[in-house]
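Shown next, in C-alpha cells, is the structure this report addresses.
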2 protein chains.
Amino acid sequence: MKPKNIRIKDIAQLAGVSQGTVDRVLHKRGNVSKLATEKVNRVLAKSNYKPNLIARTLGNSKIYTLAVLLPDPQMDPFWKQSYDGMLSAQHQLTQLSLKIELENHFFDLNSKESFQKAALEIIRTKPDGVLVAPLFFNTAISFLKDLQQAAVPFVFVNTNIAESQSIAFIGQDLYKSGRLGAQLLFQKIQMANCYVILHIDESLQNAFHLKEKERGFTDYLTETGLSNQSISITIDHQPGKNFEKAVAEIIGSNQPAGVLISTSKAYQVAPIIKSINPAIQVVGYDLIEANLNLLQTGKIDFIINQNPFRQSRLGIQILANHLFFKRSFQSQYLFPLEVITSENAASYLLHTGYSADLPE
Amino acid sequence: MKPKNIRIKDIAQLAGVSQGTVDRVLHKRGNVSKLATEKVNRVLAKSNYKPNLIARTLGNSKIYTLAVLLPDPQMDPFWKQSYDGMLSAQHQLTQLSLKIELENHFFDLNSKESFQKAALEIIRTKPDGVLVAPLFFNTAISFLKDLQQAAVPFVFVNTNIAESQSIAFIGQDLYKSGRLGAQLLFQKIQMANCYVILHIDESLQNAFHLKEKERGFTDYLTETGLSNQSISITIDHQPGKNFEKAVAEIIGSNQPAGVLISTSKAYQVAPIIKSINPAIQVVGYDLIEANLNLLQTGKIDFIINQNPFRQSRLGIQILANHLFFKRSFQSQYLFPLEVITSENAASYLLHTGYSADLPE
DNA sequence: ATTTTTACTGTGTGCGAGCACAGTTATTTT
DNA sequence: AAAATAACTGTGCTCGCACACAGTAAAAAT
C-alpha cells in the first residue's frame, strides 16, 4: 500500500551485498568485483532507485564557492538586477542550510581587458563553479577552456557560447526578440516609410546580440511587408561630440515611424525622439528605473524585459543543484519575451522578488 | 572564520540544558520548568537560531494529502494548465523525496451544487491541506469556516476571499488587468466611438472578477479620454438560440473599435468579430490552444496571460512548505500581467515547464 | 611458508532535528 | 516516612546517504 521509497539499504539486501558495495557501484568508485557489480546493477536496473537528495546534502556541510563573472552592477542597473537575483538565490539556499559563497569578479562592460583580468583571477582562485556572462567571445573562449580543464562547472547567462561545454545557458532568443520589437513598433502605425533599430555605445563585444536582434527585426519587416526600409544605426557617446544633437539629427533626417533601441539605454534617446515627433513609436529593453519613468510618461511605448533577476537566480540555482544534489538539467533555458507597458509594469516589479526557481 | 550554523545541540550547551529541553521550548510542548525555559529563551534570543530545514524533513517520511478543489481540468483547458502546474509541483517535491498526494475534487464550472458537493467531500476526508479556486463565494464561505475549524491550512488560486484566513492567495490584480486590456485595445486605434467588454457564459459566480476587470477597463477609458462610450455585454450559449448570430448582431449593431473578452473564451467570438470588420481590435485572456491559433492568424491581437500553471504550482509549493518545513510566507502573490502577441507566444510556451518556484 | 601486496567487502559514524522513552527530581498523598 | 503521582529532564534512536576505516580473502612476492 505504501509507496515506500527504495533505499541503498534495500538494494544492498536484494543484491546480497553490503551498503558500501552498492555505494561504490553507484558512485563508480571502483574496487568492486565483477560479480558484485553485476548483482547490484541487476537489482538497480529493475528497482528504479532514486537517491534521496535531502539525505544526500545533510552530511555535506561543505560551503561551495561560486565565482561570478559579471559586468559591475554598480555601473549598470541591468546588471544590478542580475546580481540581485544571485543574492536572492543565495538567500534561499541559505534558508535550506545549503551554504554557498559568491565570489564577485566584476568587469567593465566596455573593457575586454578587465574581463580578461577578472577571468584570470577566477582561474587562480579555483572556485567550485562559475556563473558567467561571456560578453567577450574571444577572451571567454580560452578562459572557458581552462575551466573545463580544471573540471569547474560553469553556467552562462545572457550570452551563449555554444562551442563550450557549459552545464547550462540561460537567456532569450534574440532573433525572436528582434521580431517582437518590430511587431510592437507596428502597433500604432502600420505601413511606413522607414523604421530604425538603434544601437547605443555598442562596439564589438555585443556584435552577435545586435546582429541577431537586427535579423529578427528586418525579417519581420520583410515578411509582413509593412515597410520598405529598415535602417540600422549605431551611435556612441564620443568625447567632444554632443550626443543629444547627434541623435536628433539622425532621427530628424530619417523621420522613421518607429525606433527600436537594442539595449537598455532607451532612456537616453526616447525623450529626444518624442520631442521631434511624438508619433514616432519607441520600444526599448529592460525594466530599469530610467526606462520605467519614461514608460509611464509615454516617452517609451513598450519595453521588452529580459528579467535578469530571474535569469541569474536560476543560474545560481542550477549550479547549486549541480554541486549539492549532483543533479543535472536541460542545458538551455530560454526565457519568455516579456512585453511591458505602462499598465502592467507595476505587476512585474512586484513579481521579481518572491519566487525561487529550482530547475527540474 | 567559518560561519558555522548554530544547532539545537549548541543552544543546549550554551543554556546548560539538554537538547530535549531545547526542543520542547522551541515547539512549545510544555513540561519545562520556568527556569529552564528562561535559560533557553535567553540563549535563543541572541543566537538567531534557524532550524536546518533539510534535517527536519529527513526524519519525517509522512505523506501529506492535499485536496484540490478546482474546476474539472477535462472541461476547460485553462484549468487543465492549472492542474498541470500542481502535478509539476508534486513531481518536484517527489524529486526531493517529499511525498504529497493530490486528492482531486473537481467541480463543474457552471454548477454551484457540484462545488458544494466536492467541498463537503473534502471536509469528510480531512486532508492535510487544501488548494482551492473559490469561484462560488457564498458556498465557499461556510466550507472555509469548516476548514479553519479543523485547522486545515488552505491556499487560494485565481480568486481571493479576503474574509477567510487562507495562508496565501495567488492570482492577479483584476482591476489592473482590465486597464491593461483597454490599453492594448487602444494600440491600433486611438479615439473611437465605442469599446466593448464582453462576458461569455458568465452568470453570477464570477461577478466579482468581471466587475473588477470592467472597472479597470472603464477607468482607463475615462482617464485617457479616448472614448466616450464603453459597453459591457454579457452573452450566453442558450439552448435554442444561435450563439454566433447573437454575437454578430451585437458587434454589428455597436460597431466597436475594440472588444475585450473577459474570459478565456475569446476563441469563440474572435473569428466572428474579425469577419464583420478586421479592424476591430480583439484582446482576450489565457494562452490556451484555441486562442493561440487565432493569435497566430491575427484574429486575436493580444492575449493577457494569467499563467495558471505557475500560479497553481506555487500554490502547492506553499502548502508543501507549510507542512514539511513549517515555513510561512507573505500571504499575497500577485502575478504579472503577461502580454502575449503572435511573436512572443512561443517563448511563453517553452517557459511553463521548467522551473519550480519555492516561495521565500 | 611466511610476508606483503592487491582486491575487494562490510561496519560504523556523522549530518541535525524530532520524538519516544527512560530517568530524575519535586510534590502530594496515604 | 514510605509510596504514589506529577513535573520535569536527558538519552538514544531514527531518517538515507556518504565516506572513512577496518576487515577479509586471494594473489603475488620474498
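Proteins come first, then strands; the chains are lettered A, B, ... in the order of their sequence lines, and each starts at number 1.
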Donor-acceptor pair, distance only, cut-off 3.5 Å: does the side chain of [X] make one with the backbone of [Y]?
| X | Y | value |
| --- | --- | --- |
| Asp128(A) | Thr65(A) | yes |
| Gln311(B) | Gln306(B) | yes |
| Glu103(B) | Val68(B) | no |
| Asp10(A) | Arg7(A) | yes |
| Thr94(A) | Gln90(A) | yes |
| Asn60(A) | Lys62(A) | yes |
| Arg24(A) | Arg29(A) | no |
| Asn41(A) | Thr37(A) | yes |

>> What is the separation between atom CG on Asn31(B) and atom C1' on dG10(D), rounded to the nearest whole Å?
In response: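 For the pair Asn31(B) CG and dG10(D) C1', the rounded distance is 14 Å.
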
> Under 4.5 Å between any side-chain heavy atoms of Leu26(B) and Leu44(B), yes or no?
Replying inline: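 Sidechains of Leu44(B) and Leu26(B): in contact.
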
> Taking the six-membered ring where the residue is Trp, are the ring centres of Phe156(B) and Phe154(B) under 6.0 Å apart?
Replying inline: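 Ring-ring flag for Phe156(B)/Phe154(B): true, centres closer than 6.0 Å.
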
> Using the C1' atoms of the five pairs at each end, what is the angle between the end axes of the helix from dA1(C)-dT30(D) to dT30(C)-dA1(D), to 10°?
Replying inline: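 Roughly 70° between the end axes, to the nearest 10°.
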
> Looking for any heavy atom pair under 4.0 Å, which part of the strands does Ala12(B) touch: base, sugar-phosphate only, or nothing?
Replying inline: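 Nothing, no heavy atom under 4.0 Å.
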
>> Students should find this one: the first and last nucleotides of DNA chain C, 5' to 3', lying under 4.0 Å from a heavy atom of chain B. What are they?
In response: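 Taking any atom under 4.0 Å from a heavy atom of chain B, the span is dG16(C) to dC19(C).
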
Enumerate all atom pairs, one protein N or O and one N or O from nucleotides 13-19 of chain D, separated by less than 3.5 Å.
| from | atom 1 | to | atom 2 | distance (Å) |
| --- | --- | --- | --- | --- |
| dC15(D) | O2 | Gly59(B) | N | 3.3 |
| dG16(D) | OP2 | Arg7(A) | NH1 | 3.0 |
| dG16(D) | N2 | Ala55(A) | O | 3.3 |
| dC17(D) | OP1 | Tyr49(A) | OH | 2.6 |
| dC17(D) | OP1 | Asn52(A) | N | 3.2 |
| dC17(D) | OP2 | Ile8(A) | N | 2.9 |
| dA18(D) | OP1 | His27(A) | NE2 | 3.4 |
| dA18(D) | OP1 | Arg56(A) | NE | 2.5 |
| dA18(D) | OP1 | Arg56(A) | NH2 | 3.3 |
| dA18(D) | OP2 | His27(A) | NE2 | 3.4 |
| dC19(D) | OP2 | Arg29(A) | NH1 | 2.9 |
| dC19(D) | OP2 | Arg29(A) | NH2 | 2.5 |

